[in-house]
Amino acid sequence: MDYEWDDDILAFQKELRTFCEEFSTDLRAAEDQAGRDLVFKKVHGEMERRGWLRIAWPEEYGGGGKSPFYQFVMVQEFSYAGIPYGGLSVGSIAPALLNHGTDEQKQKFLPGILDGDITFAIGYSEPNAGTDLAALQTRAVKDGDEWVINGQKIWTSEAHVSTHLWLAARTDPTAAKHRGISMFILSMDTPGMTVRPLYTMSGVRTNEVFFEDVRIPADSLIGEQDKGWYTVANALDFERVSLAPTGQLARQFDRTLEYLKEERTEQIADKGTRQRLAELKIDLHVLRALNIVNASIIANRETPTMEASMTKIWSSELRYRLSSMNMDLLGRYGGLRSDDEGLTPVDGQNEQTYRGSPILRFGGGTNEVQRNIIAHRGLGLPR
Amino acid sequence: MDYEWDDDILAFQKELRTFCEEFSTDLRAAEDQAGRDLVFKKVHGEMERRGWLRIAWPEEYGGGGKSPFYQFVMVQEFSYAGIPYGGLSVGSIAPALLNHGTDEQKQKFLPGILDGDITFAIGYSEPNAGTDLAALQTRAVKDGDEWVINGQKIWTSEAHVSTHLWLAARTDPTAAKHRGISMFILSMDTPGMTVRPLYTMSGVRTNEVFFEDVRIPADSLIGEQDKGWYTVANALDFERVSLAPTGQLARQFDRTLEYLKEERTEQIADKGTRQRLAELKIDLHVLRALNIVNASIIANRETPTMEASMTKIWSSELRYRLSSMNMDLLGRYGGLRSDDEGLTPVDGQNEQTYRGSPILRFGGGTNEVQRNIIAHRGLGLPR
Amino acid sequence: MDVSLSETQRLIQDSVKAFVESEIPFSRIREVESSGDMDRKLWKELAELGWLGLPLAEEHGGQAGGLADAGVLIEALTRRAVLVPIAESVVAAATLQRHAPTDVAADILPDLANGTSIAVPAVLEQEDSFKTWSIEVGADGTLTGKKYFVDYGGQATHHLVAARSDGEPGLYLVQAQTPAVTTSAVQNIGKVPQAIVTYEGAAATRVCGQDGYEFLVGLGRLLAAIQCVACSQQALDMTVDYVAMRVQFGQPIGTFQAVQHHCANMATHTLASRYLVFEALWRHDRGEADDTQIAVAKTQASRTATEVTMMAHQLHGGMGLVTEYDLHFFSLRGKQAALSWGSSEECLGLVSDTIEEPEQWL
Amino acid sequence: MDVSLSETQRLIQDSVKAFVESEIPFSRIREVESSGDMDRKLWKELAELGWLGLPLAEEHGGQAGGLADAGVLIEALTRRAVLVPIAESVVAAATLQRHAPTDVAADILPDLANGTSIAVPAVLEQEDSFKTWSIEVGADGTLTGKKYFVDYGGQATHHLVAARSDGEPGLYLVQAQTPAVTTSAVQNIGKVPQAIVTYEGAAATRVCGQDGYEFLVGLGRLLAAIQCVACSQQALDMTVDYVAMRVQFGQPIGTFQAVQHHCANMATHTLASRYLVFEALWRHDRGEADDTQIAVAKTQASRTATEVTMMAHQLHGGMGLVTEYDLHFFSLRGKQAALSWGSSEECLGLVSDTIEEPEQWL
């Protein structure tokens, strides 16, 4: 056992904090979404310049070869600062390409992903294939030198602002569910694709994507044909090091506490309120603990069994619990939306997170399925 | 809607309180279990004299014909006072006999049950038939004018102090699980029965009962042969009016609160402690609410679907939660056993209830099965 | 003791349900919501159908119903997520009917019953506290100051303002559609029209003192709690329908035990909350509900609304979050109601304030 | 950062496990429990195997292990429900080693390592508070008064007593097996030997001041928390085994989703508690753990022990309650440990005391 962070990690953390503070200032100064997008773009470029986007990638893949804990602390600090970076493209697609792409595919996509010029939406879910993803029905049929895609995807977030789609489609309809699926990359401007917006109560737009005889070249296939399920399942370990970072919720806790200390001196002196905050603090420490256990296993080049699922469950349920409790403590102020500047505490972060909190309770595998995974893979209970 | 208790119910409650107070005094004065048993016997006799044991039975069965709410308030007050009465014999066996017994059987057992001279243990569970009660394997085979019993029962509480056993045994081994079961009454001194004690961590003794060629007369069969499952399921409604009375837990709450007020003036002034007690108080009000909803449906001569299961779940889980929280609030004192007179708060009731609290979470149908029942019968979810 | 609905209550429930289901499609709710205004057409219809006068005496053009009857009405309307100040109006009207001087009551109540006037309470100030507010009515009978979080404050014709005169707390009737009263809208999670109101020398008629104020707050709490129950019940019903139909892994997800148990828990909380709220409301009508009983009911109902609606989302998956689907109305309005008239934390604090007092458990 | 056990720790864990499983049948635990005494034979064996000296320096006959190593030892022993004052002894010995004057330490530590002496803390008085205690050491170097809830107080040869001299708080070493010290057993849920101790002019040697006292309380909390983790883990493991084997409705009950989800929750809480406790213990060893970190760990571990062991009972059904079966050792000892050295409520209060202080979240 060793619970000390190495000096080089701590030095890296310091560097990250300075970096995040600087860009947070820029973010606050931005006047609209376009301005904020510009800052994000700058963050991305600067991160690539410093080698951070690939900091834990193996050196043979052009990475920094650092310990997964570098990745861990980086995600933690960016999440605490509320600055998104890289996202799914760098975090999931790039590693999948590294593992399964041909040299040509790597050369075609990786530089753009790292520059931020190529961004991906993920085409997995379908109306009848959500938690039961293997039931997906979108078809890809080989026709000469091309694949022809027909079908529909849903919950394709960022499809309207991405350059490419990472698509799971059925290539062998006769095979059993998990088999017969293949992965493809499509440019979002391929003819035959229609993107329809779906607006959600969290304020975030997502999409449906429809495919009507969409033709893409043969080399759009990533990895082995009919083995796409395993391409997706085998993402690189270092990306799993921080699935549900403590950062954002910790920041929400800290900021709400700060508000109470400054604006509600009577309430913060109340033992009832203090105990509620203490409960949340303990819950955050549990989240931190699960994250570190998960990361530590990966850093030891072992494979977490149930630890990732535990972290995901705890994080998503705490996201709801913490937002809701903070709102309750703030009373009517807690219910204000962030578009009310001045009156709304902590920019309405609690209210906004509350509205978005259901997503992670079912997204990325419902918490019910996650608990099944813990029971089966972690505890060895019979199916 | 009408949330007022009728005047006659309130008058009855007053009478019950006087009665309970008197016998509580006697109980406290009793020096040992034998003394307490004598008081219980006296309570039973006095209740029968006043017609209370049968207060809600239909008049044609020799009952008082009163509203089920009489039963409800009576159970509530006895439970609050911590005085057991009648128990399963009066509460479950007598109604089953009334519904399914022959005139001879009624005449043979009912007077004794009401006098307290005949008491029953319940022989349902077996080592491999717990939650899945219909899997029971104890056999009853007709041999001339007799039934011959072979097999084993478990969790046969009070088998060592009862005069009779109410037994479920398989009479048709070829029928599907729920069918082919019949009900019998046996005297506990029938040759071939062996009672083996099982001691539990709650301090309560229960038993295993073994049957080796136990021969009982033909008229020991209660109700129709092979239809025993339905005999048991059709207990009279008025007995279901208060399955999980608020009384005992309310008393435990009240007494612990009283102790804190008297002995822990600093702690009871602490908002943290007060909020914990407020949480428990609300939880008790929820229990009270569920009980009243359940009783009110029965009083309207309708059949509760999910309400009884809800009450049972809430009661059993609150029993654990309330005992545990009270112990936590009392700290080291909370962990003391009741045999330490003087030092132990509220006679160790919290500690003792805590130890016994698991029983109701699985007894009488596990809470998992109860939740299934709510989902299926109450909400109509598919199986 | 009988927890079932009376004939009248069942009639209210059924006819309001039939009315909103045939006349108020959810598309209408979306329209009204994005307008930022209340549903004025519906308000007129409710007046014409006589619902606005439900708890008012016949002499005022009402139907002489009880507060529990009004609760049934509000629940049925809330289950359609309509945007009308029905709860606010009942709070104000019932308070005026019981506590206002006869002439004041006779003057305004008929207009409230026929819908030409709308009165809403205006209690909270910047502190968001039902105990601390400070507007003073001047010697000239006018008041000046700000009230926060006034639901439908911008839509109402009258405000029932908590204020003091010579230090004596009370409620004051203020005409809202005058230059002396300005409102500024604030945005909340429930998307319910809500305003900060500024009074500058607004003419104020004293309606009642502390007693009436306490009646008003208790009723406000309980009608917010009714809305919590309504949102919980609606979310539960929608969830049961959804999981019985939604197929994954070759079977309806409602056959999975985990899903069934979530639904069972939702049903238990909703049922208990309904009982506690209606009992307290029924007793409040008779002047028998104390602050603790009301606070118990509001705490439980607020938590239930939060927990049940969010679990409904978990079980609905992505579909539940889409604004084209209707679940979000109930989760967002439910949380709004949970925070209104004292959040669960504030009400839990009230229960803890009187924790020493012995309880009747029967 | 590495949460895995070190080579040494794995060795400790494996060899203690192997030892108790072969040498200490649960029938032995039952015997000792009903005797009311500690397991003196086991104590001797632990001394001979060198475990008692684990956290002590080699010069005192110890093995120079860390406190986390001692935690691993205590967890392994607790998972067999043994009745020996191993946690109490480690608390006292580690405190003496770090905070006692050299001569006092050199005098007693070798005897603690070889098992001929047993030292246990005696802190609480009637108030059951770690903040308020009042025994004064007289000018003659003796102390008089009562200590409550002294675990193994009747079995120990030495008590490390929290007392004051000239108002200065500190710890004092008292020989317990003398006429000046009398003990009276109290019965608790864990069936752990526990006593009220009366000192009447007992000779007392000052060991340390406030610093040492705080070290002792922190360590006491954390070793109680380790016991909570051990009981949770054992109950979880027994439950997983049981539900995989117990058949109802024609299938192992461990195939039911509700049962699986209960187990998943139990595992999550246990894993997080283990991390929090061992991290705090490791830092306490280095003087880096503050009161809040320790209180966070104890709160979480106490709750976990309560929740996990009682859920284990729910899933075991009747069998789990029978004293012939072994689960009750862990539920009852687990709750006892949860209440010891500050219950979850007391520790939550400590966390709330410092809630304003900023936290390091990495």
Side-chain angles (χ1 to χ4, degrees), chain B residues 125 127-135 154-155 177 198-204 206 264 266-267 270 272-273 276 316-317 320-321 324-325 327-340 343-344 348 350-352 354-363 366-369 371-372, chain D residues 124 126-129 132 148-149 185-192 194 196 246-250 253 256-259 262 302-303 306-307 309-325 327-329 331-332 335-346 348-349 352:
Chain B
S125 300
N128 292 313
T131 303
D132 182 16
L133 191 58
I154 195 170
W155 320 128
K177 278 170 81 180
L198 286 172
Y199 296 97
T200 70
M201 78 175 201
S202 72
V204 174
T206 180
R264 305 262 188 116
E266 203 178 314
Q267 191 181 355
D270 175 78
T273 295
R276 290 300 187 205
S316 60
E317 294 181 357
Y320 151 71
R321 207 156 61 237
S324 182
M325 179 51 73
M327 289 172 79
D328 292 346
L329 290 174
L330 295 170
R332 281 254 164 161
Y333 283 90
L336 291 178
R337 283 190 179 237
S338 57
D339 37 3
D340 271 294
L343 203 59
T344 307
N350 290 304
E351 188 271 344
Q352 201 176 348
Y354 180 83
R355 271 187 286 130
S357 68
I359 298 173
L360 292 177
R361 287 165 69 172
F362 56 80
T366 66
N367 284 1
E368 287 75 26
V369 167
R371 287 189 164 92
N372 290 355
Chain D
L124 300 171
Q126 203 179 345
E127 294 83 328
D128 185 26
S129 161
T132 322
Y148 283 65
F149 306 112
V186 291
Q187 310 301 321
N188 55 55
I189 186 170
K191 300 195 176 172
V192 174
Q194 193 179 83
I196 300 179
R246 168 77 174 168
V247 172
Q248 288 283 274
F249 305 104
I253 61 172
F256 288 105
Q257 199 179 27
V259 172
H262 286 318
S302 297
R303 289 177 169 181
T306 300
E307 188 61 31
T309 61
M310 291 313 248
M311 185 51 83
H313 277 296
Q314 175 165 335
L315 295 176
H316 268 84
M319 191 49 69
L321 295 179
V322 172
T323 53
E324 294 172 26
Y325 191 74
L327 183 60
H328 67 96
F329 290 122
S331 49
L332 300 185
K335 187 65 179 179
Q336 176 72 7
L339 294 170
S340 295
W341 293 93
S343 73
S344 56
E345 285 300 296
E346 185 175 337
L348 182 69
S352 82

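So you know, we letter chains A, B, ... as the sequences are listed, proteins then strands, and number each from 1.
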- Item | Pairwise distance CZ(Arg264(B)) to CG(Asp128(D)) - rounded to 0.5 angstrom | 6.0 Å
- Go through the atoms of Ser125(B) and report whether side chain, backbone, both or neither lie under 4.5 Å from a heavy atom of chain D. neither
- Which portion of Leu330(B) sits near chain D, non-hydrogen atoms under 4.5 angstrom: backbone
- Can any side-chain N or O of Arg337(B) pair as donor or acceptor with the backbone N or O of Gln187(D) at less than 3.5 Å? no
- Query: Relative to chain D, which segment of Ala129(B) carries a heavy atom at a distance below 4.5 Å: side chain, backbone, both, or neither?
  - Reply: backbone
- Query: Under 3.5 Å, side chain of Ser343(D) to main-chain N/O of Gly331(B), donor-acceptor pair present?
  - Reply: no
- Task: Check the angle between the aromatic planes of Tyr333(B) and Tyr148(D) and answer parallel, tilted or perpendicular using the 30° and 60° thresholds.
- Result: tilted
- With distance as the sole test, does Thr323(D) use its side chain to make a donor-acceptor pair with the main-chain N or O of Tyr199(B) at under 3.5 Å? yes
- Message: Looking at every heavy atom in both Met310(D) and Ser357(B), which two are closest together, and how far apart are they?
- Response: CE-OG, 3.5 Å
- Message: When you measure from the side chain of Gln248(D) to the backbone of Asp132(B), do you find a donor-acceptor pair of N or O atoms at a distance under 3.5 Å?
- Response: yes
- Rounded to the nearest 0.5 Å, what's the gap from CD on Gln257(D) to CD on Glu368(B)? Could you check? 12.0 Å
- Task: Tell me, for Arg276(B) versus chain D, whether the close heavy atoms (under 4.5 Å) come from the side chain, the backbone, both or neither.
- Result: side chain
- Between Glu307(D) and Tyr320(B), is any side-chain donor less than 3.5 angstrom from a side-chain acceptor? yes
- Item | Largest heavy-atom contact set with chain B, pairs under 4.5 Å, which of Lys335(D), His313(D), Gln194(D) | Lys335(D)
- Message: Looking at chain B, which one of Leu332(D), Val259(D), Val247(D) has the largest number of heavy-atom pairs inside 4.5 Å, strictly under?
- Response: Leu332(D)
- Among the options Thr366(B), Asp328(B), Ile359(B), Leu360(B), pick out the one with the most heavy-atom pairs lying under 4.5 Å from chain D. Asp328(B)
